[in-house]
K.L.:
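Pasting in a structure now, in structure tokens, and then I'll have a few things to ask.
On a predicted model such as this, the values are computed, not experimentally measured, just so you know. Computed from heavy atoms alone, side chains included, the values below leave out hydrogens, waters and symmetry copies.
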Amino acid sequence: MKSEPLKFSIDDLASSPNQTTAWDGVRNYQARNFMWKQMCVGDQTFFYHSCCAQPGIMGIAEVTSPAYPDATQFDPKNRHFDPKASQDNPRWFNVEITLKQKTRLLTIKELRQYPELKRMRVLQTGNRLSITPVDPDEWKFILKILQV
DNA sequence: GCCAACGTTGGC
DNA sequence: GCCAACGTTGGC
């Protein structure tokens with residue numbers, strides 16, 4: 001799961017109540033569907049910093065709530081307000097995630113050096129999805145690199 | 001349903 | 001700041 005550290009960094013997550021946050025504001029259907037239809041409570045995710053000097057994996061978080069309607073879509077004052085969404089027919093959903101641990105910074109540059117990760121979704125050219133699935137093999141391999 | 005135009009993302 | 005890539009919008 002990607003986040004721009006200037007907007008919401010891993011330290012922001014660490015200092016959130018219960019080290020937990022709603023992953024709201026996602027306005028891409030594919031990314032929404034990953035949260036809505038594929039994520040389960042207990043799933044783990046890498047927390048990734050994007051759009052910064054040193055993009056890369058910063059830590060591990062866990063999904064701690066099922067998907068529910070994203071509250072920001074109903075709030076006209078919120079920048080993620082969606083006039084086409086209604087309480088009866090919400091369009092956007094989010095899960096909540098909880099920080100499990102910070103890791104060292106594992107940069108995109110380093111990630112790209114491992115042939116084992118060549119097919120990793122987040123590394124593909126032109127990938128702009130803020131949420132992408134990680135293969136179990138890729139997951140295990142990265143844990144090994146991080147020695148966690 | 002097609003497709004051009006436009007906006008956004010994100011690495012560099 | 002540049003630029004490639006891609007999603008969305010909207011006219012037809």
K.L.:
For A:Lys118, what residues pass the salt bridge (Lys or Arg N to Asp or Glu O under 4.0 Å) criterion, not counting sequence neighbours?
P.N.:
none

K.L.:
Rounded to the nearest angstrom, tell me the gap between atom OH in A:Tyr29 and atom P in B:dT8.
P.N.:
16 Å

K.L.:
What is the distance, rounded to the nearest whole Å, between atom CG of A:Asn28 and atom C1' of C:dA5?
P.N.:
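One finds 13 Å between C1' of C:dA5 and CG of A:Asn28, rounded.
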
K.L.:
Extract all donor-acceptor atom pairs below 3.5 Å that involve side chains of residues 105-113 of chain A and protein atoms in other chains or at least two apart in sequence.
P.N.:
{"residue": "A:Thr107", "atom": "OG1", "partner": "A:Glu110", "partner atom": "N", "Å": "3.0"}
{"residue": "A:Glu110", "atom": "OE1", "partner": "A:Arg104", "partner atom": "NH1", "Å": "3.1"}
{"residue": "A:Glu110", "atom": "OE2", "partner": "A:Arg104", "partner atom": "NH2", "Å": "3.0"}
{"residue": "A:Glu110", "atom": "OE2", "partner": "A:Tyr114", "partner atom": "OH", "Å": "2.8"}
{"residue": "A:Arg112", "atom": "NH1", "partner": "A:Leu123", "partner atom": "O", "Å": "2.7"}

K.L.:
Polar atom pairs between nucleotides 9-12 of chain B and protein, under 3.5 Å, N or O only, would you list them?
P.N.:
{"residue": "B:dT9", "atom": "O3'", "partner": "A:Arg128", "partner atom": "O", "Å": "3.4"}
{"residue": "B:dG10", "atom": "OP1", "partner": "A:Lys2", "partner atom": "NZ", "Å": "2.8"}
{"residue": "B:dG10", "atom": "OP1", "partner": "A:Arg128", "partner atom": "O", "Å": "3.0"}
{"residue": "B:dG11", "atom": "OP1", "partner": "A:Tyr48", "partner atom": "OH", "Å": "3.0"}
{"residue": "B:dG11", "atom": "OP2", "partner": "A:Cys51", "partner atom": "N", "Å": "3.1"}

K.L.:
Show me, pair by pair, the donor-acceptor contacts under 3.5 angstrom made by side chains of residues 33-50 of chain A, not counting sequence neighbours?
P.N.:
{"residue": "A:Asn33", "atom": "ND2", "partner": "A:Tyr29", "partner atom": "O", "Å": "3.3"}
{"residue": "A:Asp43", "atom": "OD2", "partner": "A:Cys40", "partner atom": "N", "Å": "2.8"}
{"residue": "A:His49", "atom": "NE2", "partner": "A:Ile10", "partner atom": "N", "Å": "3.1"}

K.L.:
May I have the list of side-chain donor-acceptor pairs in residues 137-148 of chain A shorter than 3.5 Å, sequence neighbours left out?
P.N.:
{"residue": "A:Glu138", "atom": "OE1", "partner": "A:Asp135", "partner atom": "N", "Å": "3.0"}
{"residue": "A:Glu138", "atom": "OE2", "partner": "A:Met120", "partner atom": "N", "Å": "3.4"}

K.L.:
Starting at CD of A:Gln30 and ending at P of C:dG7, how long is that distance when rounded to a whole Å?
P.N.:
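About 6 Å, once rounded to whole Å.
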
K.L.:
Grab the CD1-P distance between A:Ile131 and C:dC6 for me, whole Å please.
P.N.:
19 Å

K.L.:
Please set out all donor-acceptor pairs under 3.5 angstrom arising from side-chain atoms of residues 55-67 of chain A, sequence neighbours excluded.
P.N.:
{"residue": "A:Thr64", "atom": "OG1", "partner": "A:Glu96", "partner atom": "O", "Å": "3.4"}
{"residue": "A:Thr64", "atom": "OG1", "partner": "A:Thr98", "partner atom": "OG1", "Å": "2.8"}
{"residue": "A:Ser65", "atom": "OG", "partner": "A:Glu96", "partner atom": "N", "Å": "3.0"}

K.L.:
Set out, in order, the CA-CA distance, both residues' side-chain angles and the distance that settles salt bridge (Lys or Arg N to Asp or Glu O under 4.0 Å) for A:Asp12 and A:Lys7, then state yes or no.
P.N.:
CA-CA 9 Å; A:Asp12 292 327; A:Lys7 294 182 184 159; over 6 Å; no

